[in-house]
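Because the structure is a prediction, the values reported are computed rather than measured. Hydrogens, waters and symmetry mates play no part in the numbers below; they use all other heavy atoms, side chains included. The chain is numbered in sequence order, starting from 1.
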Amino acid sequence: MTDPAADPADNHPPGYVPPRIWTFDKPSGGAFANINRPISGPTHEAELPVGRHPLQLYSMGTPNGQKVTIMLEELLAAGHAGAEYDAWLIEIGKGEQFGSGFVAVNPNSKIPALVDRSLDPPLHIFESGSILVYLAEKFAAFLPGETRARTATLNWLMWQMGAAPLLGGGFGHFYSYAPIKIQYAIDRYAMEVKRQLHVLDTHLAASEFMAGNDYTIADMAIWPWYGGLMKDAYGAQDFLSVQEYTNVARWAQTIADRPAVRRGRMVNRIMGRPETQLRERHDARDFEVNTQDRIEARGGARA
């Protein structure tokens with residue numbers, strides 16, 4: 001309910017009063033306005049490509065996308081040959097997540113989406129947390145079987161699924177992407193993000209990884225978001241005083257140093273230095289011959 005004592009002249013924009021019924025009459029402005037809409041479903045026909053491996057990933061190297069490619073690379077590093085996968089780039093800025101083929105896999109039109117074609121009919125898995133649990137159970141890896149350890153892992157995985165939207169869609173949006181700076185919104189979400197960092201820092205003071213002494217899918221889920229925030233995400237490191245969270249920094253660097261993590265965060269990446277981008281991944285050799293710098297040096301051809 002709107003505060004009757006509030007002066008609409010103080011609103012943003014000045015004089016704005018929420019209507020009784022909201023209608024979508026123009027884009028909201030700011031980053032991603034071109035792909036935001038109040039309805040679901042496909043906008044165009046587009047079949048998804050299919051590679052030679054049973055696991056087909058359709059994604060982009062955002063924090064949510066990185067969770068799954070890190071998991072797949074960790075599985076391969078641990079010797080699970082059945083985790084070989086094809087990773088196809090879905091450029092969300094171009095609206096490719098609204099193609100009919102992608103919507104058939106994920107009606108919510110969000111990356112990542114996974115298809116396991118080893119099953120008949122193929123199984124569609126969407127939502128990054130669901131994909132992590134599915135792969136962990138499929139390969140009996142990175143999700144402990146013992147009740148307390150398993151519960152701790154799932155507790156922190158679900159914490160991430162609930163917390164990260166306040167970091168990305170809340171703080172990140174209003175601090176970096178909104179068309180105007182709104183102090184109330186930035187202060188509101190900065191407070192919450194610092195609270196989350198304090199939650200992590202306090203927990204990691206007594207725990208090597210999120211669920212104890214073992215590296216699990218909880219770490220893989222949390223690291224792309226909060227490890228990124230400790231380093232360069234949103235350009236907000238000074239603003240949030242991330243150097244205060246020394247236990248988070250220790251944990252984040254430990255995970256960043258893992259070779260499988262370094263590989264996983266390259267997959268489906270379209271930002272950063274060309275040598276850090278592997279826009280499509282079809283086998284391990286791609287990391288050596290098909291990074292974006294090598295493709296550009298060949299005039300755009302994959303090896």
- Task: Please test Tyr234 against Leu229 for side-chain contact (heavy atoms from CB on, under 4.5 Å), starting from the C-alpha separation and ending with a verdict.
- Result: CA-CA 7 Å; Tyr234 311 121; Leu229 187 62; 4.2 Å; yes

- Query: Would you say Ser128's side chain and Asn64's backbone share a donor-acceptor pair under 3.5 angstrom?
  - Reply: no

- Item | Steps toward salt bridge (charged side-chain N to carboxylate O under 4.0 Å, His left out) verdict (Arg258, Glu73) | CA-CA 10 Å; Arg258 295 177 68 91; Glu73 293 297 328; over 6 Å; no

- Supply the atom-to-atom distance Leu132 CG to Leu72 CG, rounded to the nearest 0.5 angstrom. 9.0 Å

- Task: Compute the ring centroids of His80 and Phe139, then answer whether they are less than 6.0 Å apart.
- Result: yes

- Message: Could you go through Lys138 and Asp116, starting from their C-alpha distance and side-chain angles, then the distance that decides it, and tell me whether this counts as salt bridge (charged side-chain N to carboxylate O under 4.0 Å, His left out)?
- Response: CA-CA 11 Å; Lys138 181 180 179 72; Asp116 187 347; 2.9 Å; yes

- Item | Lys/Arg-Asp/Glu bridge criterion (N-O < 4.0 Å) met for Arg294, Glu288 | no

- Message: Looking at Arg273 and Asp293, is any side-chain nitrogen of the basic one under 4.0 Å from a carboxylate oxygen of the acidic one?
- Response: no

- Smallest heavy-atom separation, Gly41 atom then Phe98 atom, equals O-CD2, 4.1 Å

- Message: Please report the interatomic distance CH2(Trp156) to OG1(Thr151), rounded to the nearest 0.5 Å.
- Response: 14.0 Å

- Query: Do other residues, nucleotides or ligands put more than 12 heavy atoms under 6.0 Å from His198 NE2?
  - Reply: no

- Item | Donor + acceptor pair across side chains of Trp88, Glu280 (<3.5 Å) | no

- Closest non-hydrogen atom pair, Val248 against Leu197: CG2-O, 3.9 Å

- Donor-acceptor pair between Ser109 and Gln97 side chains, under 3.5 angstrom: no

- Task: Compute the ring centroids of Tyr175 and Phe239, then answer whether they are less than 6.0 Å apart.
- Result: yes

- Query: Please walk me through it: do Trp223 and Gln66 pass side-chain contact (heavy atoms from CB on, under 4.5 Å)?
  - Reply: CA-CA 9 Å; Trp223 181 84; Gln66 289 177 30; 4.0 Å; yes

- Whether over 12 other heavy atoms sit under 6.0 Å from Glu47 CD: no

- Query: Checking Arg250 side chain against Leu204 main chain: does a donor-acceptor pair fall under 3.5 Å?
  - Reply: yes

- Message: Can a donor-acceptor pair be found, under 3.5 Å and without considering hydrogens, that links the side chain of Ser207 to the backbone of His203?
- Response: no

- Message: Is it true that, when you exclude Met191 itself, more than 12 heavy atoms of the residues, nucleotides or ligands shown sit nearer than 6.0 Å to its CE?
- Response: no

- Task: Could you go through the side-chain contact (heavy atoms from CB on, under 4.5 Å) check for Thr216 and Leu143 one step at a time?
- Result: CA-CA 6 Å; Thr216 68; Leu143 177 59; over 6 Å; no

- Message: Please check: side-chain N/O of Gln277 versus main-chain N/O of Gly272, any donor-acceptor pairing under 3.5 Å?
- Response: yes

- Ala113 versus Leu57, closest heavy-atom pair with distance: O-CD1, 3.5 Å

- Query: Roughly how far, to the nearest 0.5 Å, is the CD atom of Glu96 from the CZ atom of Phe102?
  - Reply: 10.0 Å

- If Ile, Leu, Val, Met, Phe, Trp and Tyr residues are connected whenever their side-chain heavy atoms lie under 4.5 Å apart, and connections chain through other members, are Ile131 and Ile90 in the same group? no

- Measure from the side-chain N and O atoms of Asp214 to the backbone N and O of Pro144, and report whether any donor-acceptor pair falls under 3.5 Å. no

- To the nearest 0.5 Å, atom CG of Asp232 lies from atom CE of Met230 at 12.0 Å

- Note on the structure: Value for CD1 (Ile92) from OG1 (Thr62), rounded to nearest 0.5 Å, stands at 6.0 Å

- Contact check, side chains of Asn11 and Pro8, non-hydrogen atoms, under 4.5 Å: yes

- Item | Between Trp251 and Asp219: side-chain donor-acceptor atoms closer than 3.5 Å | yes

- Message: Test your reading of the model: is there a side-chain donor-acceptor pair from Asn290 to the backbone of Arg302, 3.5 Å cut-off?
- Response: no

- Please answer: with hydrophobic residues joined when any side-chain heavy atoms are less than 4.5 Å apart, are Val115 and Val68 in the same cluster? no

- Val193 vs Leu166 side-chain heavy atoms within contact, under 4.5 Å: no

- Which atoms form the tightest heavy-atom contact between Glu84 and Ala284, and what is the distance? OE2-N, 4.3 Å

- Evaluate whether atom OH of Tyr184 has more than 12 neighbouring non-hydrogen atoms of other residues, nucleotides or ligands under 6.0 angstrom away. no

- Message: More than 12 heavy atoms of other residues, nucleotides or ligands under 6.0 Å from CD of Gln243: yes or no?
- Response: yes

- Just by distance, do the side chain of Asp286 and the backbone of Asp283 share a donor-acceptor pair under 3.5 Å? yes

- Query: Side chains of Arg150 and Thr153: donor-acceptor distance under 3.5 Å anywhere?
  - Reply: no

- Can you tell me if Thr23 uses its side chain to pair, donor with acceptor, with the backbone of Asp25 under 3.5 Å? no

- Item | Residues Gln292, Arg279; criterion side-chain contact (heavy atoms from CB on, under 4.5 Å); working and verdict | CA-CA 7 Å; Gln292 193 61 19; Arg279 297 191 176 189; 3.4 Å; yes

- Query: Quick one: do Glu127 and Lys67 make a salt bridge, cutoff under 4.0 Å?
  - Reply: no

- Query: So, does Asn108 use its side chain to make a donor-acceptor pair with the main chain of Lys110 at under 3.5 Å?
  - Reply: no

- Message: What I'd like to find out is whether the side chain of Leu114 reaches to under 4.5 Å of the side chain of Leu135, using heavy atoms alone.
- Response: yes

- Task: Check Thr69 against Asn268 and note the closest heavy-atom contact, atom names and distance.
- Result: CG2-OD1, 4.4 Å

- Decide yes or no for Thr276 and Arg269: does some side-chain heavy atom of the first lie under 4.5 Å from some side-chain heavy atom of the second? yes

- Item | Any donor-acceptor pair under 3.5 Å from Thr291 side chain to Phe287 backbone | no

- Message: Does any part of the side chain of Pro224, heavy atoms only, come nearer than 4.5 Å to the side chain of Arg265, both counted from C-beta?
- Response: no

- Any cation-pi pair here, Arg281 with Tyr85, using under 6.0 Å and within 45°? yes

- Message: I'd like to know if the side chain of Tyr215 pairs up with that of Glu74 as donor and acceptor (distance under 3.5 Å, no hydrogens or angles considered).
- Response: yes

- Query: Cluster question for you: counting only ILVMFWY and a side-chain heavy-atom cut-off of under 4.5 Å, with indirect links fine, are Met71 and Met60 together?
  - Reply: no

- Message: With clusters defined by side-chain heavy atoms of hydrophobic residues (ILVMFWY) lying less than 4.5 Å apart, directly or transitively, does Val267 cluster with Met271?
- Response: no

- Centroid-centroid distance, Trp159 to Tyr226, less than 6.0 Å: yes

- Message: Under 4.5 Å between side-chain heavy atoms, counting indirect links through other Ile/Leu/Val/Met/Phe/Trp/Tyr residues: same cluster for Tyr58 and Phe126 or not?
- Response: no

- Point-to-point distance, once rounded to the nearest 0.5 Å, from CG of Asp201 to CD of Gln196: 13.5 Å

- So which heavy atom on Ala141 is nearest to which on Leu75, and how close? CB-CD2, 3.7 Å

